[in-house]
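When a residue number appears, it is its place in the shown sequence, counting from 1. Side chains included, hydrogens not; waters and symmetry mates left out as well; all remaining heavy atoms used.
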Amino acid sequence: MGRAGRIVVVVVVALALIVGVTAFYVLGTRHGQDLALERAVSGILAAGAPTRYDGLRVFLCGTGSPLPGRAQACVAVTAGKSLYLVDSGAGSPAVMQMHGQPMARLRAILLTHLHSDHITGIPDMNLASWVMGRTEPLRILGPAGTDRVVRGYNEVLALDRGFRVAHHGIHLLAPELGVMHAETVEPGIVVEDNGLVITAFAVNHEPITPAYGYRFDYRGRSVVVSGDTVVTDSLEAAARGADLLLHDVLSMRIVGTMQAAAAAVGASRPAKIFSDIPTYHAHAVELGPLAERTGVRMLAVYHFVPPPVNYLMERIYRHDLPDETVLTRDGTEFKLPAESTAIDVTHS
C-alpha cells in the first residue's frame, strides 16, 4: 500500500472513531440523551408549524383497507389556510400527527360512506385538532346516517371531554369545540371556502347507499377522490379534466388467489368474504382506461384491497396499471401549485 493509501486508511479509521465516540456520548450519557431529545422535539414541532401553500396540497394519511398492513382510508387536502379530510379510518390520526400536518386548520371531515374503515379515526382527529387549537367545532359531512354516527361519537366521548377540560382548563380547551357537528350532504357543491369549491358526486358501492366521491377545485387546480366504488358514469363526469385522480384499487389477481387458497383449506367464511369484495371496488385493470377516457393529468391509487406489503404484491399491482400511475403509501404528498400544470410527488 502506498503512502496515499495509508493516509486514506488513517482518515477512515479516525472518522469511524469520531462517529463511535459521538454515538456513545449521545446514547450513553444523560447529557447527550437530553441534548438529542431536545433537538428531536424541536425538529418535530418546527415541522408542524403552520405554513401556507399557494395551491392544493394532498397528503395521504391512510392508504389501506380493512385488510391489515396500512392505516385505513384518509386523504387530507389543504387549500390556503384550510384543511379538509376525506374519510378517517383507523390509524390515520397517528399518520397525520407523525408527519406534522396542520391539525389546528382542520375544518371538516367529508365522509364517502359509513363503513368502519372510513370513520373509526374520527374521534382522534377531533381530539387532536381540538388540542392543537382548532377555532370552530369540527364539521362531519356525509351521506344519510352521518348524524347518527356523530351523535354516537359525541355521547361516547362526553366523559372524556369533561375530564380533559377539567385537567387543562376551559381557556385551553373550550368545551363546545370538542363537540362535533353533523351535516347530511347531497350531490352538488357542499363547501365553498375562500376560493375552494368541494363538490360531492354519487358513486356505486352497493349495497352501501348513498356513497360519494369528492372533487376539490382551487385556483385553477383540481383533485378528485373516488372513495370506494366501481367505475361509474358519475365518477367519470366528475374526474373529467382533473389534475389528479385518487382512486381506490383492487387486485383481482391477489384477491382471487386468497379466495382460492381459503376454499382449498376449508376456510369457508374467509372464502365467502373474498368472493364478495370484488363486486364493489374498481379493479386495477379498469383504471388505466378510465384515466385515458377522462383525460386526468395524473392517476394515483389508494385504499388498496389488499395493501401491498411486499415487493411482489406491488409488482402485481403495477402490472395491471399504467406505468405512470402513482402507487401511494401512508405519507405520500402531492403539491399542485396554483395556476399551473405541475404536480410534485414525494413519498415519506
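In this structure, the side chain of Thr120 does not engage the main chain of Asp117 through any donor-acceptor pair within 3.5 Å. Looking only at distances, no side-chain donor or acceptor of Tyr302 sits under 3.5 Å from a matching main-chain atom of Val75. A donor-acceptor pair is defined here as one N or O able to donate and one able to accept, closer than 3.5 Å; no such pair exists between the side chain of Arg219 and the backbone of Leu56. A donor-acceptor pair under 3.5 Å links the side-chain atoms of Gln72 to the main chain of Ala90, judged by distance alone. Listed for the Arg221 side chain is a donor-acceptor partner under 3.5 Å among the backbone atoms of Pro337. Judged by distance alone, with hydrogens and angles left aside, the side-chain atoms of Trp130 form no donor-acceptor pair with the main-chain N or O of Pro137 at under 3.5 Å.
Note on Leu157 and Ile109: separate hydrophobic clusters, where clusters join Ile, Leu, Val, Met, Phe, Trp and Tyr whose side-chain heavy atoms are under 4.5 Å apart, directly or indirectly. The cluster map of Ile, Leu, Val, Met, Phe, Trp and Tyr, joined by side-chain heavy atoms under 4.5 Å apart, puts Val77 and Val345 in the same cluster. Under the 4.5 Å side-chain heavy-atom criterion for ILVMFWY residues, no single connected hydrophobic cluster contains both Leu246 and Val301. Transitive grouping of hydrophobic side chains (ILVMFWY, heavy atoms separated by less than 4.5 Å) keeps Leu111 and Ile208 in distinct clusters. Hydrophobic clustering of Ile, Leu, Val, Met, Phe, Trp and Tyr side chains at less than 4.5 Å, counting indirect connections, keeps Val165 apart from Val179.
Heavy atoms of other residues, nucleotides or ligands lying less than 6.0 angstrom from NE2 of His347 number more than 12. Heavy-atom neighbours of Asn194 CG from other residues, nucleotides or ligands within 6.0 Å: at or below the threshold of 12. When the shell of 6.0 Å around CD of Glu292 is examined, it contains 12 or fewer heavy atoms from other residues, nucleotides or ligands. No more than 12 heavy atoms of other residues, nucleotides or ligands lie within 6.0 Å of CG in Asp233, so this atom counts as exposed by the packing criterion. Other residues, nucleotides and ligands contribute more than 12 heavy atoms inside 6.0 Å of the CD atom of Glu176. The environment of Arg148 atom CZ is sparse: at most 12 non-hydrogen atoms of other residues, nucleotides or ligands sit within 6.0 angstrom.
The side-chain heavy atoms of His99 and Ser348, taken from C-beta on, include a pair separated by under 4.5 Å. The side-chain heavy atoms of Val203 and His113, taken from C-beta on, include no pair separated by under 4.5 Å. Contact check for Arg240 versus Arg293: no side-chain heavy atoms found under the 4.5 Å cut-off. Taking the side chain as every heavy atom from C-beta outward, Thr146 and Leu141 never approach each other to under 4.5 Å. The shortest distance between side-chain heavy atoms of Pro175 and Arg161 does not fall below 4.5 Å. The closest side-chain heavy-atom distance from Leu83 to Met96 is below 4.5 Å. Annotation: side chain of Val131 is not in contact with side chain of His168 (no heavy-atom distance under 4.5 Å). Using a 4.5 Å heavy-atom cutoff, the side chains of Leu235 and Leu290 are in contact.
If you take CG on Leu106 and CZ on Arg139, they are separated by 11.0 Å, rounding to the nearest 0.5 Å. Atom CZ in Phe201 sits 8.0 Å away from atom OG1 in Thr229 (nearest 0.5 Å). The CD atom of Glu314 sits 7.5 Å away from atom CZ of Arg329, with the distance rounded to the nearest 0.5 Å. Annotation: the span from Met298 atom CE to Leu245 atom CG amounts to 11.5 Å, rounded to 0.5 Å. The distance from the CD atom of Gln259 to the CD1 atom of Ile273 is 11.5 Å, given to the nearest 0.5 Å. One finds the CD1 atom of Ile316 at 8.5 Å from the CG atom of Asp320 (value rounded to the nearest 0.5 Å).
In terms of heavy-atom proximity, Met258 sits nearest to Pro306 at SD-CG, 4.1 Å. Closest heavy-atom contact between Met125 and Ser129: O-OG, 2.8 Å. Across Pro322 and Leu299, no two heavy atoms sit closer than the pair CD-CD2, 4.4 Å. Taking each heavy atom of Arg215 and Ala242 in turn, the nearest pair found is NH1-CB, 4.0 Å. Glu236 and Thr294 make their closest contact through O-CG2, 3.6 Å (heavy atoms, listed as atom of the first residue, atom of the second, distance). Across every non-hydrogen atom of Ala104 and Gly133, the tightest pair is CB-C, 4.0 Å.
Partners of Phe274 under the ring-ring contact (aromatic ring centres under 6.0 Å, His included) rule, at least two apart in sequence or in another chain, do not exist in this structure. Every residue meeting the ring-ring contact (aromatic ring centres under 6.0 Å, His included) condition with Tyr317, not counting sequence neighbours, appears here in chain and number order: Phe304.
Between Asp193 and Ser82, the side chains place a donor N or O and an acceptor N or O closer than 3.5 Å (distance only, hydrogens not considered). Residues Tyr153 and Asn126 have side chains that never bring a donor and an acceptor to within less than 3.5 angstrom of each other. Ser88 and Ser92 form a side-chain donor-acceptor contact under 3.5 Å, judged by distance and modelled atom types alone. No hydrogens or angles considered: a donor-acceptor pair under 3.5 Å links the side chains of Asp330 and Thr63.
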For this session: Applying side chain to side chain contact (heavy atoms under 4.5 Å, CB included), run through Lys272 and Asp276 and close with a yes or a no.
Result: CA-CA 6 Å; Lys272 174 63 167 65; Asp276 290 340; 2.7 Å; yes
Problem set entry | Evaluation steps, side chain to side chain contact (heavy atoms under 4.5 Å, CB included), between Thr341 and Arg297 | CA-CA 8 Å; Thr341 59; Arg297 185 163 282 111; 3.7 Å; yes
For this session: Could you go through the side chain to side chain contact (heavy atoms under 4.5 Å, CB included) check for Met103 and Arg134 one step at a time?
Result: CA-CA 7 Å; Met103 298 294 289; Arg134 176 170 37 79; over 6 Å; no
Problem set entry | Worked check of salt bridge (Lys or Arg N to Asp or Glu O under 4.0 Å) between Arg107 and Glu136 | CA-CA 8 Å; Arg107 299 292 176 260; Glu136 297 176 353; 5.2 Å; no
For this session: Apply side chain to side chain contact (heavy atoms under 4.5 Å, CB included) to Tyr214 and Tyr84, showing your working.
Result: CA-CA 11 Å; Tyr214 294 95; Tyr84 290 87; over 6 Å; no
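For the side-chain contact (heavy atoms from CB on, under 4.5 Å) criterion with Phe334, the lone passing option out of Val326, Asp243, Asp344 is Val326. Of the listed residues (Asp248, Asp228, Thr112), just one forms a side chain to side chain donor-acceptor pair (under 3.5 Å) with His303, and that residue is Asp228.
Taking the six-membered ring for Trp and thresholds of 30 and 60 degrees, His205 and Tyr280 have nearly parallel ring planes, at less than 30 degrees apart.
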